[in-house]
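To keep things clear, I will list the structure first and then write my remarks on it.
Order of the sequence lines fixes the chain letters, A, B, ..., with proteins taken first and strands second; residue numbering starts at 1 for each chain. Computed from a predicted structure; not experimentally measured.
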2 protein chains.
Amino acid sequence: MARATTTSDSFNAVAEPRRREILSYLAGAERPVGEIVAALGLPQPSISKHLRVLHDVGLVRMRCQGRQKLYRTNAEAIRPLHEWAATFERYWQHQLLRVKELAEATVRHGAADWNSADSTTPDSKTPGSKPPDSNT
Amino acid sequence: MARATTTSDSFNAVAEPRRREILSYLAGAERPVGEIVAALGLPQPSISKHLRVLHDVGLVRMRCQGRQKLYRTNAEAIRPLHEWAATFERYWQHQLLRVKELAEATVRHGAADWNSADSTTPDSKTPGSKPPDSNT
DNA sequence: TTGACATATTCCGATATCGGAATGTAATGT
DNA sequence: ACATTACATTCCGATATCGGAATATGTCAA
């Protein structure tokens, strides 16, 4: 097995940098494939393939107009991603405080190695403990 | 070639559902690996491997305490993701309006196939046509 | 019809990724 | 020193993924 087959999960679809570029490019207005190719400077088949993935997961919408197909980012499909990330918002605010405090304390006395190779911290406090299990 | 080697990009690291679970689980407090294993019900080596990826991209922090290692989500590393998604916020607000209008219009007269298998829209109205070139 | 566009699909090889099983390593207890 | 606990790493096979080249499909124009 490997990943969740890209074509089923928007987190996966967005994991590819080029696809992110495409989404940004198509956010404001619909565009024919040719313009996307010109704008991003990638080979046309490549663009088509990425568009397919994005379309399959609903991240872009498509409309036919004569012999061209107009694509456009479906911004709504990005919301779940945004909301998932927002779940951590309260924590990074917390951390900003903690980091600030830690820095100050560190200046006053010795080092406080967070994330160095090994710390071993023998008996330390175990701060607040027992936080939420906020799972999806 | 394939993807950007997962271990270099947090978008990629987060593309894996289990890793997302781990991040949620470790958001509020640090935990030893054993607890993560117990909580998520995955084999220990698997957890360790995911933790490695997350650690390499900076999505979790680690601290040693005796024979156990305490992991914790580094929420700050999720901010870039959140901000990227936020880039589209203004568009999904737009779209909500457009969709609503379209729905009302559609109810009044015929269908307006958006995104069906093929539309071909031979010569028909093409509503506004020639949309803006508002580039990035 | 034929031909020129516009885009999609298929085939291919190189490389990643994931899970599982087995094994390695460091800290602790006796 | 030895066994045990707590994790990490390695090896492996199955499958995905990506880019490139070639080719197919569909649409308009003469």
Practice task
Produce a footprint string for nucleotides 20-26 of chain C: one letter per nucleotide, 5' end first; B if the base is under 4.0 Å from any protein heavy atom, S if only the sugar-phosphate is, - if neither.
Solution key: B-B----
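- The aromatic rings of B:H82 and A:H82 sit parallel, their planes meeting at an angle under 30°, below the 60° perpendicular limit.
- In this structure, B:R31 places its CZ atom 13 Å from P of D:dC7, rounding to the nearest Å.
- For the pair A:Y71 and C:dA6, the criterion of a side-chain N or O lying under 4.0 Å from OP1 or OP2 is not met.
- Between the CZ atom of A:R63 and the C1' atom of D:dT27 there is a distance of 16 Å, given to the nearest Å.
- A straight line from CG of B:L42 to P of C:dC18 spans 13 Å, rounded to a whole angstrom.
- Rounded to an integer number of Å, the gap from CG of B:L51 to P of C:dG19 is 13 Å.
- Protein atom CG of A:D9 is 15 Å distant from nucleotide atom C1' of C:dC18, rounded to whole Å.
- The phosphate of D:dG19 has OP1 or OP2 within less than 4.0 Å of a side-chain N or O from A:H50.
- Not one side-chain nitrogen or oxygen of B:Q68 sits closer than 4.0 Å to the OP1 or OP2 atom of D:dT5.
- Residues B:V57 and B:N12 fail the side-chain proximity criterion, which asks for heavy atoms closer than 4.5 Å.
- A donor-acceptor pair under 3.5 Å links the side-chain atoms of A:R20 to the main chain of A:A15, judged by distance alone.
- Counting to the nearest Å, the P atom of C:dA8 and the CG atom of A:L54 are 12 Å from each other.
- For A:R19 (side chain) and A:V14 (main-chain N/O), no donor-acceptor pair under 3.5 Å exists by modelled atom type.
- Contact annotation: B:R18 does not reach the phosphate of C:dC18 (side-chain N/O to OP1 or OP2, under 4.0 Å).
- With contacts defined as side-chain heavy-atom distances shorter than 4.5 Å, the pair A:L54/A:Y71 does not qualify.
- Candidate nucleotides C:dC18, C:dT7, D:dT9 were compared by shortest atom distance to the side chain of A:K69, and C:dT7 ranks first.
- Between the side chain of A:T73 and the backbone N or O of A:L26, at least one donor-acceptor pair lies under 3.5 Å.
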